[in-house]
Amino acid sequence: MTITPGRLVAFLTPVIFAPLAGSISVLAARYLPGVDIDEGSLQAIFIAGATIAFGKAALWLKGWQDWEKREADAPGGVADLPLDHAEVHDDDGLDQEPALAEDAVAEEDPAEEDPVDGEELDFDDGDLEDLLAAPVAAGTED
């Protein structure tokens, strides 16, 4: 059986961390200058310090359990990852340019259909000149 950090924190919190936090709280309340606390409330300060330690340990354990759950749900463990550069990167195709989205568009059929009315799009260089030379009918009257 291996001792995981979660088990270690769960074991050491009530044995060491909580009493230590309570003792530090009592020492701080008793000896800090400017703090005037009567002897009767030192027990309450000890309990408050120990409770804070238990709360922080519980928060840490919750995070640890979430981390373990995330690691268990991961598709591959860290041990499965290759450590060699050659296994990670394929250096054979580094001189090739990556395929861009424009290349994929250029390879499509040039006789596309207009998505609005289904007619074939056939633009050539003269179409732009014809459009610029034609009078605009909407909104202008001579």
Side-chain angles (χ1 to χ4, degrees), residues 1-132 134-141:
M1 176 173 99
T2 62
I3 298 177
T4 63
R7 289 181 180 180
L8 194 62
V9 169
F11 175 72
L12 292 179
T13 297
V15 174
I16 294 176
F17 298 146
L20 184 64
S23 300
I24 290 172
S25 299
V26 168
L27 289 174
R30 183 181 290 172
Y31 295 115
L32 277 179
V35 178
D36 187 29
I37 296 179
D38 61 346
E39 294 293 323
S41 54
L42 289 180
Q43 182 179 5
I45 292 173
F46 180 88
I47 293 171
T51 304
I52 290 171
F54 278 119
K56 293 298 181 181
L59 183 65
W60 188 89
L61 287 171
K62 169 75 169 96
W64 178 259
Q65 288 174 346
D66 289 345
W67 182 82
E68 284 182 330
K69 184 179 179 183
R70 218 175 25 245
E71 288 296 311
D73 292 342
V78 175
D80 297 339
L81 296 177
L83 297 177
D84 187 20
H85 173 76
E87 294 178 16
V88 176
H89 301 287
D90 182 20
D91 293 334
D92 294 337
L94 289 179
D95 294 334
Q96 299 175 358
E97 292 184 23
L100 300 176
E102 294 135 7
D103 294 339
V105 172
E107 293 176 4
E108 291 180 6
D109 186 19
E112 297 180 11
E113 290 187 1
D114 184 14
V116 176
D117 59 4
E119 295 179 6
E120 185 177 314
L121 299 175
D122 57 346
F123 292 114
D124 53 357
D125 294 337
D127 290 340
L128 181 60
E129 294 170 1
D130 294 342
L131 286 173
L132 293 175
V136 179
T140 59
E141 292 183 21

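Position 1 is the first residue of the sequence; numbering continues from there.
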Worksheet item: So which heavy atom on Ala21 is nearest to which on Gly49, and how close?
Response: CB-O, 3.5 Å
Worksheet, complete the sentence: d(Ile52 CD1, Lys56 NZ) to nearest 0.5 Å is 8.5 Å
Worksheet item: So do the side chains of Arg30 and Leu42 get within less than 4.5 Å of each other, counting heavy atoms only?
Response: yes
Practice prompt. Rounded to the nearest 0.5 Å, what's the gap from CZ on Phe54 to CG on Leu59? Could you check?
Written response: 15.0 Å
Discussion item. With side chain to side chain contact (heavy atoms under 4.5 Å, CB included) as the criterion, how do Ser25 and Phe46 come out once you've worked through the C-alpha distance, each side chain's angles and the decisive distance to 0.1 Å?
Written reply: CA-CA 6 Å; Ser25 299; Phe46 180 88; over 6 Å; no
Worksheet item: Quick one: are Leu8 and Thr4 in side-chain contact, heavy atoms under 4.5 Å?
Response: no
Worksheet item: When you look at CD of Gln43, are more than 12 heavy atoms from neighbouring residues, nucleotides or ligands closer to it than 6.0 Å?
Response: no
Worksheet item: Heavy atoms, side chains only, cut-off 4.5 Å: are Trp64 and Pro5 in contact?
Response: yes
Worksheet item: Where is the tightest heavy-atom contact between Ile37 and Ser41, given as atom of each residue plus distance?
Response: CG2-OG, 3.0 Å
Discussion item. Nearest 0.5 Å, please: how far is CG in Leu20 from CG in Leu12?
Written reply: 11.5 Å
Discussion item. What I want to find out is whether Asp66 reaches Arg70 closely enough, with some N-O distance under 4.0 Å, to be called a salt bridge.
Written reply: no
Response to the item:
Smallest heavy-atom separation, Pro14 atom then Pro19 atom, equals O-CD, 3.6 Å
Practice prompt. Quick one: closest heavy-atom pair of Val9 and Ala57, and the distance?
Written response: CG1-CB, 4.1 Å
Discussion item. If we ignore hydrogens and angles and just use 3.5 Å, is the side chain of Thr13 paired with the main-chain N or O of Ala10 as donor and acceptor?
Written reply: no
Worksheet item: Crowded around Leu32 CG? As in, over 12 foreign heavy atoms under 6.0 Å?
Response: yes
